[in-house]
Each structure stands twice: as structure tokens, then as C-alpha cells.
Asks: 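Dropping the structure in here first, questions after.
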Number of protein chains: 2
Amino acid sequence: MSDNRTGTAGGRAATLSDVAKIAGVSLATASKAINGRGEVAAATRQRVLEAAKKISFTPNELARSLINGRTGTVGLLTSDLEGRFVIPILMGAEDAFGAGQVNVFLCDARGDAIREQHHLNALLTRRVDGIIVVGRSTDPRPSLGHNIPVPVVYAYAPSEDPTDVSITPDNRAGGRLAVEHLIACGRSKIAMITGEAAYAAAQDRAAGVMDALGDAGLELVGRPMFSEWSEHWGRDASAMLFRQFPDIDGIVAGSDQIARGVLDTMRDLGREVPHDVAVVSFDNWEILATNSRPELTSIDANLQQLGRMAATRIFDAIDGTAAAPGVENLPGRLVIRGSTIARR
Amino acid sequence: MSDNRTGTAGGRAATLSDVAKIAGVSLATASKAINGRGEVAAATRQRVLEAAKKISFTPNELARSLINGRTGTVGLLTSDLEGRFVIPILMGAEDAFGAGQVNVFLCDARGDAIREQHHLNALLTRRVDGIIVVGRSTDPRPSLGHNIPVPVVYAYAPSEDPTDVSITPDNRAGGRLAVEHLIACGRSKIAMITGEAAYAAAQDRAAGVMDALGDAGLELVGRPMFSEWSEHWGRDASAMLFRQFPDIDGIVAGSDQIARGVLDTMRDLGREVPHDVAVVSFDNWEILATNSRPELTSIDANLQQLGRMAATRIFDAIDGTAAAPGVENLPGRLVIRGSTIARR
DNA sequence: CTGAAAGCGCTTACAG
DNA sequence: CTGAAAGCGCTTACAG
């Protein structure tokens with residue numbers, strides 16, 4: 001097969017007319033044969049398919065979309081591509097849409113509202129069938145409004161507008177999960193080191209921690225320590241904490257990164273994890289969680305599932321069976337490793 | 001403004017005919033006015049624009065594309081979305097295409113050839129103007145072939161076919177860079193701990209390391225140690241290494257993860273970094289490199305630039321000024337931190 | 001400066 | 001079973 005960058009001798013892509021001409025049938029018949037629609041004689045269909053194959057005919061989806069009003073495309077509007085959180089969501093959505101069925105337009109607004117508006121316009125101009133908006137944190141974000149002619153679903157960051165459809169991780173339930181696990185591991189002197197207080201994720205997790213401690217008749221040791229979402233902070237905070245409260249036996253870390261810092265300090269202080277101190281964290285970022293000493297017990301936010309759900313909501317809305325508006329909170333799951341339960 | 005999910009009272013999106021009717025002009029004139037083309041009286045243009053605004057007219061890009069033969073879309077065919085490497089490339093490409101100008105179809109083949117073919121077909125059916133194929137490693141990958149009617153550029157993983165256009169990191173030069181830096185830091189007893197030998201990246205970096213050592217009249221201490229790209233391996237390998245060669249004063253780590261493991265072991269062994277042992281690694285994965293003790297000197301592969309270049313190649317090919325085929329090797333850059341040069 | 005007409009590639013009633 | 005015709009939403013020569 002020679003190098004052919006056009007598909008036909010004429011220097012342009014093969015068209016249904018080309019196929020019809022070669023097969024000696026009308027455009028209408030060629031169309032029906034290709035699409036398996038209408039009553040077409042088996043022999044005729046055969047001829048058409050052969051002709052199509054011969055000239056590598058690829059139907060032009062643009063023309064089809066123009067007719068049936070659906071493009072089979074969806075826009076993914078994110079504000080933070082580099083973020084580790086949007087990627088699994090994006091994968092889940094891509095997954096749910098299926099290979100070759102629905103295609104996803106990826107748009108990264110870089111956290112810039114102007115850029116987001118540009119992208120939104122471009123998406124509408126291309127007649128996407130729906131839009132998924134993926135935020136970079138779980139803090140509510142401004143709504144795109146209701147003047148958008150296609151369904152919109154907000155993932156990770158919920159919309160500020162309660163009449164929009166949003167799906168976000170249930171961080172409060174996650175905080176409960178963390179503490180309940182520590183208690184189940186026999187811990188009762190539990191402290192919390194977490195990220196920036198301005199983040200809803202930090203607040204929600206802390207609230208869940210408090211809920212669960214209260215239910216168990218326990219109190220947090222010290223106050224929740226808010227600062228950076230970093231290993232550095234994990235190291236520094238845990239050093240401070242143990243100076244003040246040497247008998248802590250359980251720590252909830254706001255992220256795997258923070259937990260990694262905590263583990264470093266435990267090692268420096270000669271405290272054994274999990275024997276002396278059990279550590280549970282959030283994110284279940286595998287590459288961090290499975291390479292530490294010991295490995296980290298962590299709460300996975302099920303982001304890929306979150307992406308799949310967002311895609312499903314879009315489908316439903318397109319099919320007219322729209323979900324009830326509001327914020328849906330997706331529970332996370334506890335992944336148990338060596339930082340809370342010793343390996344034999 | 002009321003909740004309007006359609007754009008017009010008729011329950012469908014506003015059309016140029018609607019605009020023309022309201023403005024009291026012909027379709028042709030409306031088109032020219034909207035596009036700033038042709039000679040249209042200022043007053044007429046004004047009326048048309050007002051009408052368009054009134055009914056929130058958004059031109060249907062599908063129809064335009066059908067006419068001019070270009071869609072302003074590009075396909076991004078990746079095999080590994082979760083990989084940290086494809087994301088910056090993807091961002092760079094998205095960046096180069098600009099907000100709202102060209103839109104990117106994201107397709108993740110999950111490393112499955114069948115799925116890739118499905119996605120490829122879908123992209124062609126949607127008449128993308130070009131395709132960027134982003135591999136998950138720097139190992140050459142099968143070509144998509146030359147029967148594709150649009151330009152194709154391979155990023156990160158080059159194509160096996162030298163007549164394709166490929167851009168890949170220059171890992172050999174990176175290996176040189178690493179060693180030259182260690183030598184500049186006064187080190188002469190240098191060892192290398194790296195990832196799986198089956199990876200071109202591992203081999204190329206090792207080759208560059210050997211080149212630079214040879215040029216300096218030095219020899220590697222021991223042999224390059226190949227195994228997992230993990231912290232675990234970094235810890236274990238460096239422990240073995242120092243047992244055998246206690247006087248090593250410089251280590252090239254094949255990745256930041258491996259380097260993190262090396263740092264852990266140095267700390268366990270009581271060796272001070274960088275005073276006793278300097279460590280340089282690859283990837284410059286910030287979240288790992290800037291949170292270690294000390295921070296990591298690392299070689300950044302300039303992946304975002306790689307993505308931008310790939311996008312540029314696509315543009316050029318569309319404009320008919322195609323790049324010469326072959327593999328282009330993009331040099332990395334050394335980012336110096338505390339693991340090779342002590343902070344004051 | 002304005003508009004009627006043809007056409008981009010395809011599908012879908014509707015006749016035959 | 002097959003095909004002529006209209007039409008999806010838009011643009012572009014070409015007349016006027």
C-alpha cells in the first residue's frame with residue numbers, strides 16, 4: 001500500500017457519492033447499505049460495502065451530526081490539569097463514554113475565568129452534547145449558569161448553585177472512617193495534622209474526625225493542626241505535637257504527603273509505626289502510599305468512580321432522564337496497609 | 001433571565017436564518033455581517049449583530065467545518081493517562097493550541113491496541129485536522145502507518161518508523177548532564193541506581209552517564225544497578241552499594257522516586273547529603289523533589305515544551321510546511337537543589 | 001451594498 | 001427493493 005494521505009486519487013477524502021458511483025447505486029441506497037438501515041438487497045449491500053472498502057470510505061461524522069442534532073461529543077472543562085485529582089476523574093469519565101462512542105473535548109482553563117469562558121464558547125460552538133466541569137478542589141465554584149443549552153455536571157468541585165447537578169467526595173464521612181478505623185485498632189489518643197484551613201476538604205475531614213470521636217466519647221488530642229498540604233508540614237507538625245503530647249497513639253493525616261512527613265518524624269523520634277503510633281491519611285495516592293516505611297493506610301476518594309458517575313449523569317440528562325439537582329456526596333473507601341496494622 | 005436550555009422559544013438552538021429573519025436581511029448578508037466579511041453597510045451589520053445577540057446566536061461550527069474542510073480539532077491519542085509523563089505533554093499541547101482556537105479530543109487507549117484503533121477511527125470520522133500520539137515511555141512504539149489522511153506526530157514514545165515525525169526526551173544527554181554536574185561538584189566516585197533495564201530511558205541515561213565518565217577519565221563505581229522505578233529499590237540498592245563501596249561520593253538515581261529511597265538509606269547510614277554523598281536524579285517531579293531532606297537536584301525533561309513542540313509540528317504540517325521526518329531529541333535541563341549543593 | 005443559488009456530506013421521508 | 005428530492009446550518013462566488 002503506497003503512502004496515501006488523502007484516501008482517494010482526487011486528493012480529498014472519499015465521500016459517500018464516490019462509493020455510490022462505484023457501486024452503481026444512488027446516494028440514498030449507499031447510505032442505507034452502509035448503515036444497515038432500510039430494506040436493501042443483500043447483493044446490493046455487498047457491492048456498496050466493497051466499494052466503500054476499496055476507497056477507504058470513512059463516513060463524515062460532521063455531516064451526520066448536522067442532521068441528527070447530536071455530535072456524540074462531550075466537553076471536559078477543567079481548571080487544573082496537572083492536579084492529581086482531575087486525572088482519575090477524567091479517566092473515569094473517558095471510560096464511561098466508551099472507546100469510539102462518545103469523544104471528549106479536553107479544555108484546561110488554568111484556573112482563569114476568562115479562559116474558561118472562551119473554552120465554554122468553543123464547546124458550545126462545536127455543539128457538544130454535554131459538559132462536565134471538573135474543579136481542582138472540593139470548594140464550591142461559581143455556576144456556569146442555566147443559559148447553557150446542554151446538560152452540565154460539576155465533578156469534584158460542586159457548583160455554588162444548588163439547582164445544578166454536582167458530585168463531590170464525601171470528606172466528612174471520610175474523616176469518620178479514619179477515626180473509626182483508628183479506634184478499631186485500639187487507639188484512643190488521636191491527633192490530626194492536615195492542610196490549609198481555607199480548603200473545604202480540610203474542614204470537612206476535620207468535622208468528620210470530630211463527629212466520630214464524639215460518638216465514641218473521645219476527644220481530639222490538641223486541636224486539628226492546619227497548614228500546608230506538604231511532607232514538610234507533616235514532619236514539623238508531628239515533631240511539635242509529640243513534644244507537647246508524648247502519649248499520642250493515633251494520627252489522622254490530611255493527605256498522604258502529610259502522612260509521609262509524619263512517618264519521617266516518627267522514625268527520627270524512634271516511635272514505631274504502627275505499634276506505638278498508628279497513622280491513617282487521605283487520597284490513597286499509590287506511589288506515595290505504597291513506598292513508605294511502613295506503607296500507608298489511606299482513604300481513597302474513588303475519583304475514577306466519581307468521573308464515571310459524572311459521565312452517567314450526562315448521559316441520563318441527554319436521554320431526558322435527568323438526575324435531581326443538588327450535590328451528591330460520594331463516600332470514600334478505607335485502604336488498609338501497614339501504618340495502622342502491622343504486617344506479620 | 002429565566003432557565004433556558006434551548007436558546008430559542010422554538011426549543012432548538014438559534015440559527016443564522018433566525019438572525020437573518022429578525023434583522024430583516026438575507027442569509028448571505030447575515031453571514032457576512034457576523035463574520036466581518038464582504039462589504040456590508042455599517043447599519044446593516046449593526047442590526048444583524050443585535051439580532052444575533054438578542055437570541056443568543058452561536059454559529060454552528062459543524063456546518064462551517066463541513067464547508068471549509070477544517071474542523072479546528074486535534075486528536076490526542078494517549079496510552080496511559082494516569083502516567084505523570086503524559087499530563088505535562090498534554091498541557092503543553094493544549095497550551096500551544098490556545099483557548100478556544102483549536103480543541104483537543106482526548107483519547108486514552110489504556111495501552112490496548114484494539115482500543116487505540118477504535119479511537120483512531122473515531123478521530124478520523126470526526127475529521128480531526130491532526131493527531132498527536134503520546135506514549136507512556138520513551139521506548140519506540142508501532143507506527144499508526146501512513147494511510148492516515150491527516151498529519152501525525154509522536155510525542156515521548158517515538159515511532160518505530162523513521163519516516164514518521166517523533167519528539168522524545170534526550171535521555172542520553174540527560175545522563176551526561178547528571179554526571180557532569182556531579183564532577184563539577186567535585187565528585188569522582190560515582191555510582192548509578194536506576195529503573196528497569198528493559199526501558200529505553202534506563203539504558204539511554206546509563207549510556208549518557210558512561211559517556212560523560214569516560215570523557216572525564218573516570219569509571220563508574222560498580223555497574224549500573226537496574227531494577228524497579230521505586231523508592232524501595234532506591235533504598236535497597238543504595239544499602240547494597242555502600243556495603244560494597246563505602247567510599248562512593250556521588251550517585252545518579254534513575255528517577256526522583258529512586259533518589260528518595262537513596263536519601264532514606266543515606267540518613268539511615270548516617271551519611272550526609274550532599275556533604276558525604278551528592279545525589280542527582282531524573283524527572284524533576286516537584287512534589288517529590290522539593291519535599292525531601294535535602295531537596296533533590298534533578299533533570300527536568302521539559303515535557304511541557306515537548307507537548308508544545310508536538311502541537312507546533314501539527315500546525316506546520318497542516319499549513320503544508322511539514323517538519324522533516326525523523327526523531328527529534330529534546331534536551332532536558334538540570335534543576336539544582338540541596339542534594340548536590342549545600343544550602344547556606 | 002444585498003440576495004438568490006449552489007453546495008459542503010450526509011440522512012430521511014416519500015414515491016415508484 | 002431503489003432513487004429523486006428536500007434539508008441539516010452555514011459560506012461563497014456571482015448577479016444585480
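We name chains A, B, ... by the order of the sequence lines, and we start the count at 1 in each one.
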Asks: So if I take residues 45-54 of chain B and measure heavy-atom distances to DNA chain C, which residues fall below 4.0 Å?
Replies: none
Asks: At under 4.0 Å between heavy atoms, which parts of nucleotides 6-16 of chain C does protein reach? Answer with one letter per nucleotide, 5' to 3': B base, S sugar-phosphate only, - none.
Replies: -BBBBBBB---
Asks: Show the nearest heavy-atom pair for residues A/D139 and A/A200, with the distance to one decimal.
Replies: OD1-N, 3.0 Å
Asks: NA contact type, A/T44, heavy-atom cut-off 4.0 Å: base, sugar-phosphate, or nothing?
Replies: sugar-phosphate
Asks: Could you tell me which nucleotide pairs with C/dA13 by Watson-Crick or G-U wobble geometry, both distances under 3.5 Å, or answer none if nothing does?
Replies: none
Asks: For D/dA4, which nucleotide is its Watson-Crick or G-U wobble mate, given both distances must be under 3.5 Å?
Replies: none
Asks: Can you give each donor-acceptor pair under 3.5 Å made by side-chain atoms of residues 149-157 of chain B, sequence neighbours left out, with the distance rounded to 0.1 Å?
Replies:
from   : atom 1 : to     : atom 2 : distance (Å)
B/Y154 : OH     : B/S143 : OG     : 3.4
B/Y154 : OH     : B/L144 : N      : 2.7

Asks: To the nearest 0.5 Å, what is the distance between CG (A/L27) and OG (A/S17)?
Replies: 4.5 Å
Asks: Any donor and acceptor pair, going by atom type alone, linking the side chain of A/D319 with main-chain N or O of A/T321 inside 3.5 Å?
Replies: no
Asks: Do B/N302 and B/R308 have a side chain donor and acceptor closer than 3.5 Å?
Replies: no
Asks: Are B/I131 and B/V74 close enough that some pair of their side-chain heavy atoms sits under 4.5 Å apart?
Replies: no
Asks: How far apart are the closest heavy atoms of A/A51 and A/I22, and which atoms are they?
Replies: CB-CG2, 3.7 Å
Asks: What I want to check is whether the side chains of A/N103 and B/H119 have a donor and an acceptor closer together than 3.5 Å.
Replies: no
